[in-house]
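Here's the structure, in structure tokens; my notes come after.
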Amino acid sequence: MSTTEQKLQELKTRLLEIGDLNHINALLGWDQSTYMPAGGAEARGRQSALMAQMAQEKFIDKEIGNLLDDLQSYEESLPYDSDDASLIRVTRREYERALKIPPEFIGELNEHAAAAYQAWAEARPANDFAKVRPGLEKTLDLSRKLAEYFPGYEHIADPLIDFADVGMKASSVRTLFASLRDQLVPIVRAITSQPAADNSVLHKHYPEADQLAFGAEVVKQLGYDFNRGRIDKTHHPFMTKFSLGDVRITTRVKEDDFGDCLFSNMHEAGHAMYEQGIDMSYEGMPLGGGTSAGVHESQSRLWENIVGRSHGFWEYMYPSLQAKFPEQLNGVSLSAFYAAINKVEKSLIRTDADEVTYNLHVMLRFDFEVQLLEGSLSIRDLPEAWHERFEHDFGIVPPNDSDGVLQDVHWYAGVIGGSFQGYTLGNILSAQFYNSALKAHPEITNEIAQGKFSTLHGWLRENIYRHGSKFTAPEIVERASGSALTIEPYIDYLKTKYGALYTL
Ligand code: ZN
């Protein structure tokens with residue numbers, strides 16, 4: 001008869017194997033999105049599906065269930081926040097969820113996702129929605145099927161929302177978004193009725209190599225660890241991880257748009273610093289990743305916007321930027337540059353959107369996901385619905401589908417449902433967490449203006465990063481900020497910052 005210690009070890013050994021299979025699959029995905037030639041797509045889809053299916057089969061092995069049962073009394077003897085109790089608790093939650101999804105379905109979903117991604121990668125530059133439509137219809141069918149493995153929901157989108165942001169459902173997100181929208185729309189209206197800021201300085205020619213070098217230097221200073229990471233180019237920047245010692249980010253460069261590469265670097269580095277900050281003893285375990293889409297996005301947005309688009313940050317960084325790009329920036333004052341990178345305008349592309357209008361882009365997508373899943377909107381009518389809603393919310397009509405319904409990869413690389421609400425939850429939480437860090441360390445504001453980011457980084461690591469998935473999002477929000485999620489700090493942040501740039 002084996003001891004509790006042996007059983008825990010047996011569980012960890014099995015979980016590490018599953019973690020390794022998932023990380024190998026992530027490596028296949030990284031390669032597909034960076035260096036793989038298009039000809040590799042079909043085989044890559046098959047290979048990726050195989051890895052996902054193998055991981056799923058190993059995870060739902062009934063021996064894992066037996067070990068979890070045998071370890072229950074040990075778990076109950078420990079404090080809730082102990083590493084062992086948390087590992088057993090989080091593994092059980094994921095195990096019970098995984099048991100409901102057949103491995104063949106996971107394989108089918110992954111294989112389909114790889115094909116759908118390839119179709120999207122070709123369709124977007126060609127403005128060819130017809131090319132992705134059959135694949136997208138299948139994605140919607142598979143998404144509904146996935147939700148239906150979790151009966152008892154209030155809305156069919158709920159299980160998919162819960163995967164990404166535990167505890168949230170369509171109705172709670174709708175309520176939250178409605179109150180945020182009520183606050184945002186008057187701010188957007190006030191700003192966009194004034195003369196637009198001049199950001200032409202960002203659209204001079206900025207050579208790719210210099211942008212890449214500057215972007216890498218900035219994220220290094222923020223605290224992204226290149227001994228455990230690297231940056232490569234892709235179409236649609238993302239962060240991925242193959243172990244806690246290898247957390248990568250990707251970027252893209254537009255030579256006539258200075259902000260694109262730099263701010264997406266800071267964004268992805270924010271995600272990556274979260275993963276790099278996780279307790280190393282969680283390597284390969286279900287605890288060894290960020291806890292939810294919303295909390296993850298709070299970290300990318302905190303570094304990208306609250307730090308990266310702040311006046312203090314550029315008081316420190318602007319002289320280095322001018323030295324790197326003297327022809328483009330000599331004679332451009334710090335305040336002119338600061339106004340340019342914080343220009344608010346109604347624009348077409350979510351990832352390029354300013355902080356104020358960004359959430360309107362998210363709300364549109366969230367509503368479409370919900371409508372598609374419930375069947376009140378069809379894939380066939382999606383491009384037209386996009387144009388209409390966009391005109392209603394932004395007062396502009398997308399000139400094509402490339403900059404409309406084809407602009408985001410999400411629906412073409414997985415499932416429809418649960419993909420977008422995390423972005424706005426992240427914006428809300430970024431301000432809530434930053435406020436808490438400031439309360440603990442009021443000197444952070446001055447430090448950022450001197451290029452010192454370690455106090456802020458340290459607070460985030462201590463209160464959020466190191467815990468990985470030990471706590472759910474509502475738990476970590478409560479622990480780190482002392483209250484449940486609230487929109488007030490975010491609204492205050494926007495009003496203060498943009499009140500100084502515009503008349504509100
Ligand atoms: Zn992100």
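In listed order, ligands and their atoms are each counted from 1. In this text the structure is predicted, and so the values were computed from the model without any measurement.
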Within-2.8 Å protein N/O/S contacts of the Zn ion (ligand 1): H267 NE2, H271 NE2, E297 OE1
Flag for S171-R174: side-chain donor and acceptor within less than 3.5 Å: no
Check: D354 side chain, V356 main-chain N or O, donor-acceptor pair, under 3.5 Å: yes
D393/R181 under salt bridge (Lys or Arg N to Asp or Glu O under 4.0 Å): CA gap, chis, key distance, verdict: CA-CA 11 Å; D393 283 9; R181 197 182 178 89; 3.1 Å; yes
Derivation of the salt bridge (Lys or Arg N to Asp or Glu O under 4.0 Å) call for D81 and K470: CA-CA 7 Å; D81 62 353; K470 178 186 270 190; 6.0 Å; no
ring-ring contact (aromatic ring centres under 6.0 Å, His included) partner of H361, chosen from Y423, F420, F390: F390
Any side-chain donor near an acceptor of the partner, Y493 and E355, under 3.5 Å: yes
